[in-house]
Amino acid sequence: MCEGGRAAASVARTASASRRQPETTSLALDEAGGRASRRPRGWKAVGFMIGFYLAIAMALNAFAQPVTNYLIKRYNMKPNAATNVANVFSGTYSFSPVVGAFVADAFCGRFWTLLFGAVAAFVGMVVITLSATIRQLKPPSCSDVARQAGTCAGPSGLHRAVLYIGMALLVVATGGANPTSLPFGADQFDYDDASSSSSNEANERRRRAIEEPAGLKRFYNWYYVVTMMAAFMALTFIAYIQDKVSWGLGFGIPTALVAVTFAVFLAGTPLYVRVPAEGSIFSSVARVVVASCRKRRLPLPHPRDARRQEAVLYNPPVVVAAGTGTSRVFKLPLTLQLSFLNKAAIVTDAADEIRPWSLCSVQQVEEVKCLVKIVPMWISGVMWFISVAELTNYTFLQALTMDLHMGRSFTIPPVSIAAIFNLAIVLFVPVYDLLVARAAQRVTGVEGGITVLQRQGVGVAISGLALVVAAVVERRRRASALDNGGTSPLSVFVLAPQLAVMGVSAAFNMIGQMEFYNTEFPDQMRTLANAAFYCAQGASSYLATAVVNVVNARTRRPGGGQGWVAEDINAGKLDQFYYAMAVFAAINFVYFLVCSYFYRYKGEPREAADSPPATPEAVLLKH
């Protein structure tokens with residue numbers, strides 16, 4: 001520590017005394033600022049939310065999934081114009097949860113942000129339904145022959161204005177509802193506070209409390225089952241109505257469902273725990289970076305000199321405002337990973353405590369480390385989403401060239417084949433939760449059978465298998481299509497195995513990602529943690545296009561020939577592309593193993609963090 005004379009010694013003694021106090025103090029304030037005695041009600045409170053979450057997800061999927069088809073068929077837009085509008089909508093739709101998460105964590109709290117998103121979803125769906133129903137708000141109908149000839153009347157300024165208002169409201173709804181629904185549900189489960197002890201056993205209890213409040217792991221599983229069930233219904237039942245009956249009715253059904261379930265959601269308000277906004281953590285992140293850079297030349301205490309660390313590092317109690325009588329922010333122990341940032345907590349003189357850009361607490365430093373450590377794992381999540389995007393996108397194109405009959409006279413919309421992916425998740429998660437996880441827990445002793453990182457790793461490995469299955473099926477489909485004038489006589493359900501295997505992969509990886517972000521992000525950023533999941537999906541959509549462009553550039557034949565992923569998939573080599581993506585998944589798996597080896601869970605005792613596992617088997621047992 002720099003010279004500070006008696007003043008520095010006084011500050012160190014004061015900080016040391018404060019550190020001997022209980023580590024976490026809960027003010028237990030509600031969102032209005034008064035004392036809150038409401039305790040988490042767990043599944044009793046969540047029961048009022050589940051139907052509402054399903055309706056919101058169904059409504060958003062009912063428009064977002066077929067948006068390009070809707071713009072072409074109902075708004076008479078040219079394919080390129082419709083694709084451009086859909087891309088703009090998809091981009092803002094994917095990244096709007098970041099804005100909503102910031103607003104929820106910094107200003108409004110999760111409950112009010114979710115409420116605002118729900119109202120926006122209902123109003124937006126009403127506008128979209130009216131635009132598909134009222135004659136004055138849509139272009140005149142046009143036949144397929146006239147559409148191919150380019151003689152259809154396009155949308156007027158009024159038609160576009162109404163459509164874009166509805167789309168903008170759905171973007172706002174996504175920003176409000178998607179990042180808040182999962183963490184708001186998680187708020188309804190009790191958190192055990194094990195932060196008042198400094199022993200290794202207490203540290204372990206603290207980590208378990210941060211990761212797995214009672215019932216929370218199961219809630220993550222069932223929350224995702226609900227969202228996948230909503231997507232499945234949007235891709236089957238709603239898609240059929242839109243394609244065969246009318247667009248207006250196809251949008252009107254989920255709109256009515258949102259209204260009914262929203263009333264049920266509001267009826268449960270007296271039961272809900274409403275955690276107030278904690279303020280923006282981004283300024284705290286910036287302060288840690290600035291303070292550590294300013295003190296870059298100062299030496300850190302020896303890692304094993306606990307007394308010296310206690311005297312030198314600023315580590316006051318954490319005072320939080322929580323929505324229940326139990327603490328929602330847990331004291332994080334000092335770790336040695338990214339130790340350069342620890343310098344931000346070095347006390348140099350008495351004036352440091354009144355200069356927030358010169359001195360940060362150990363808690364602030366560890367929260368920044370949480371964010372930095374998550375980035376490599378997030379990248380692996382993006383890579384997994386790219387694999388999923390490539391398989392699902394081109395499965396739809398494969399379906400267009402296959403027999404869509406289900407029985408003798410009933411045909412399914414091509415987009416509905418993707419529902420098998422969702423159905424596989426809906427069917428597998430309960431089996432995993434009720435049978436597989438419990439059996440594995442008896443063997444491993446880990447809550448849920450395997451750790452959250454192991455769950456993600458299994459999902460990454462299975463994604464490679466799904467892509468290999470897709471390559472084998474595509475080789476058979478392409479051969480039969482070329483032998484039959486471009487249309488394969490094979491049933492579209494031949495594509496079911498690749499979607500089902502990828503669905504099982506998602507049951508491991510997607511739910512694992514959700515749980516990982518929600519448990520490993522700083523406690524004040526749980527809403528932003530959920531937004532990170534949706535950002536990974538959004539980023540993968542753009543990167544999936546880049547991957548296809550790179551593959552085509554490398555595989556395009558001389559003389560103007562097409563690459564593996566051709567406009568006409570019968571003229572390309574989509575099976576080779578699937579094999580290449582399987583290699584991509586294998587690379588992602590190796591990358592994930594390396595990142596997992598060095599990763600340390602939030603709140604993990606420093607003694608454990610200082611001793612990395614020595615063997616691959618230890619990595620699997622550890623993570």
Side-chain angles (χ1 to χ4, degrees), residues 31 49 52-53 56-57 60 64 89-121 124 168-188 210 216 219-220 223-224 227 272-286 320-323 328-329 364 367-368 370-375 377-379 381-382 385 510-542 602:
E31 293 189 50
M49 306 176 187
F52 175 60
Y53 289 172
I56 288 285
L60 295 176
F89 173 74
S90 177
T92 53
Y93 180 90
S94 298
F95 289 100
S96 62
V98 177
V99 179
F102 174 76
V103 171
D105 282 338
F107 303 108
C108 300
R110 289 187 269 272
F111 175 75
W112 291 108
T113 306
L114 174 59
L115 211 62
F116 182 77
V119 172
L169 286 169
L170 293 186
V171 168
V172 173
T174 304
N178 279 7
T180 55
S181 54
L182 178 63
F184 181 67
D187 287 340
Q188 311 311 312
I210 291 172
L216 187 54
F219 171 71
Y220 289 131
Y223 172 87
Y224 207 74
T227 57
Y272 300 151
V273 169
R274 288 182 277 173
V275 178
E278 295 285 345
S280 174
I281 195 176
F282 293 110
S283 59
S284 176
V285 172
V320 298
R328 293 285 168 143
V329 177
Q364 290 173 308
E367 288 173 347
V368 174
C370 288
L371 295 177
V372 175
K373 291 189 300 181
I374 284 170
V375 171
M377 314 305 298
W378 183 82
I379 292 173
V382 173
F385 273 118
M510 290 181 80
I511 299 176
Q513 283 193 58
M514 276 188 166
E515 183 179 354
F516 176 76
Y517 298 141
N518 277 274
T519 55
E520 294 300 303
F521 262 72
D523 296 295
Q524 303 95 315
M525 301 180 68
R526 290 189 186 276
T527 317
L528 191 62
N530 214 35
F533 174 82
Y534 291 103
C535 281
Q537 286 182 298
S540 69
S541 298
Y542 295 110
K602 181 179 72 174

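Not measured: the values here are computed from a predicted model.
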What distance do T527 atom OG1 and N178 atom CG have between them, rounded to the nearest 0.5 Å? 12.5 Å
Do the side chain of T113 and the main chain of R110 share a donor and acceptor less than 3.5 angstrom apart? no
Point-to-point distance, once rounded to the nearest 0.5 Å, from CD of Q364 to OG of S284: 4.0 Å
Please examine the side chains of V172 and S96, heavy atoms only from C-beta on, and report whether any two atoms are closer than 4.5 Å. no
Which heavy atom of P522 sits nearest to which heavy atom of L371, and what is that distance? CD-CD2, 3.7 Å
Note, M377 side chain near E520 side chain (heavy atom, < 4.5 Å): no
Ignoring hydrogens, what is the shortest heavy-atom contact between P179 and Y534? Give both atom names and the distance. N-CE1, 4.4 Å
What distance do L528 atom CG and N518 atom CG have between them, rounded to the nearest 0.5 Å? 10.5 Å
Value for CG (L114) from SG (C108), rounded to nearest 0.5 Å, stands at 12.0 Å
Just say parallel, tilted or perpendicular for the rings of F89 and Y93, cut-offs at 30° and 60°. tilted
Which atom of V382 lies closest to which atom of S540, heavy atoms considered: O-CB, 3.8 Å
Audit row: N530, T180, side-chain contact (heavy atoms from CB on, under 4.5 Å) steps and yes/no: CA-CA 7 Å; N530 214 35; T180 55; over 6 Å; no
Taking all heavy atoms of F219 and all of G185, pick out the closest pair and write down the distance. CZ-CA, 3.6 Å
Flag side-chain contact, heavy atom, 4.5 Å: W378 against Q513: no
Can you tell me how far apart OH (Y223) and CG (L182) are? Round to the nearest 0.5 Å. 5.5 Å
Kindly say whether the aromatic ring centers of F385 and F533 come within a distance under 6.0 Å. yes
If I compare all heavy atoms of A121 with all of I56, which pair ends up nearest, and what's the gap? CB-CD1, 3.8 Å
Checking K602 side chain against T519 main chain: does a donor-acceptor pair fall under 3.5 Å? yes
Enclosure of F116 CZ (heavy-atom neighbours >12, cutoff 6.0 Å): no
Parallel, tilted or perpendicular: which one describes the rings of Y272 and F184, with boundaries at 30° and 60°? perpendicular
Just verifying a value: how many Å separate M514 CE and T227 OG1, rounded to the nearest 0.5 Å? 5.5 Å
Stepwise side-chain contact (heavy atoms from CB on, under 4.5 Å) test for F95 and C535: CA-CA 6 Å; F95 289 100; C535 281; 3.9 Å; yes
